[in-house]
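The structure appears below as structure tokens.
Predicted, not measured: the structure shown is a model, and the values here were computed from it. Note that the numbering runs from 1 along the sequence shown for the chain.
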Amino acid sequence: MISVVIISKDEASLDKTVSDVGDQAGRLAEAAEIVVVDASDGGLDHIRRRHETAVRWIQFKQPPGVRISIPHQRNAGVRAARGEIIVFTDAGCRPEPDWLARLVAPLFQGEHVTAGLTLATPGSTALYDQGAQRAAQSSYLAECSTINLAFTREAFNAIGGFDETFAYGSDVDFSWRLTDASYRIRSVPDAIVRHDWGRWRRQMRRSYQYGKARMRLYRKHRSRLRRVLRDDPMVVVYPAFLLGLPLTVFFPYYPALLLIPAWRNRSNGAVGVLIDHIIYGVGILAELVT
């Protein structure tokens, strides 16, 4: 059986996601189920009632003192799932035709983990699209998010699931631990979901949280720091630039260093990318000093 697990806090867009996933699950040759892990405390009951014959609905209670329960909900979803293959997507995602069949196909051919391609919905911030499309062309990925992911229960059990000490970043931690355990993440670029990333204000909040999460990841996975300049230069470059801003008093052209990444990202909106990366660097520094 294939279990599609969708976690939700209070997103009304869950309704369309469940409908789209249900249509695709019904066309699979294999048995499939949909599991929703709902932390809305009854706020989404109208959606639950609409889909109650086709979906197993898990009412999730956040543990005391936990504000962001993403990894807790993912673990709860896998525990409740009946399938040997687990698929994750998020509330608000709109899968393109044959997404589900394409994502799970390699798992029937010996792979243990697959990651599809996630692109922005029209009208939302498409800042990540070009990078995601470039990365997806590799046969195997160094890391991935859980927004468009499938894996075998064997792989999940081998690494102990999601680390519930993370608020954000548990998906990357999960993928890093998979690759550390010699599981490969097969890229499936034609398994596409569209996600509404929101407008710029939401993007800036997300950049800050992603920066903080990245620093937490390297605190846990210290061995990866040896390769950080080669594999993940943003973690060093932007915090170093921000720390060097006082040098502007003596070297007025110091901020002109930003022209280098601006030129490299000109096709993706240089100003937006720079703002995003600087706020990401602020998040790294904020986590570094806590």
Between [X] and [Y] (side chain of the first, backbone of the second, donor and acceptor by atom type, cut-off under 3.5 Å), is there such a pair?
X	Y	value
T17	C93	yes
R74	S69	no
D38	F60	no
T248	F251	no
S187	S139	no
Q137	Q133	yes
R177	G161	yes
S8	L14	no
Q24	L100	yes
R219	E287	yes

Close side-chain approach of [X] to [Y], heavy-atom, < 4.5 Å:
X	Y	result
V36	I58	no
R206	R202	yes
Q73	V5	no
V35	V4	no
F108	E30	yes
F166	F174	no
D163	P71	no
F162	T146	yes

Check [Y] with [X], please: is the shortest side-chain N to carboxylate O separation under 4.0 Å?
X	Y	value
R48	D15	no
R214	E143	yes
D41	K61	yes

Given side chain to side chain donor-acceptor pair (under 3.5 Å), test Q203 with Y128 step by step and report yes or no. CA-CA 11 Å; Q203 175 63 34; Y128 302 132; 2.7 Å; yes
Please determine whether the number of non-hydrogen atoms from other residues, nucleotides or ligands lying under 6.0 Å from atom CZ of R201 exceeds 12.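 Count not over threshold, so no.
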Counting only heavy atoms from other residues, nucleotides and ligands, does the tally under 6.0 Å from NZ of K220 exceed 12?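 More than 12 within 6.0 Å, yes.
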When you check the side-chain N and O atoms of Y140 and E111, is any donor under 3.5 Å from an acceptor?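 Indeed, the side chains of Y140 and E111 share at least one donor-acceptor pair under 3.5 Å.
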Under a 3.5 Å cutoff, is there a donor and acceptor pairing between the side chains of Y280 and Q209?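 Checked: Y280/Q209 side chains show no N/O donor-acceptor pair below 3.5 Å.
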Among D180, D232, D173, the one residue meeting salt bridge (Lys or Arg N to Asp or Glu O under 4.0 Å) with R224: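 Between R224 and the candidates, salt bridge (Lys or Arg N to Asp or Glu O under 4.0 Å) is satisfied uniquely by D180.
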Give every residue pair that meets the ring pair (Phe, Tyr, Trp, His ring centres under 6.0 Å) criterion with at least one member in residues 223-242, sequence neighbours excluded.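 Sorted result for residues 223-242: Y238-H277, F241-Y254.
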Side-chain heavy atoms under 4.5 angstrom apart, residues restricted to Ile, Leu, Val, Met, Phe, Trp, Tyr: same cluster for [X] and [Y]?
X	Y	value
V66	I7	no
F151	V104	no
L28	I192	no

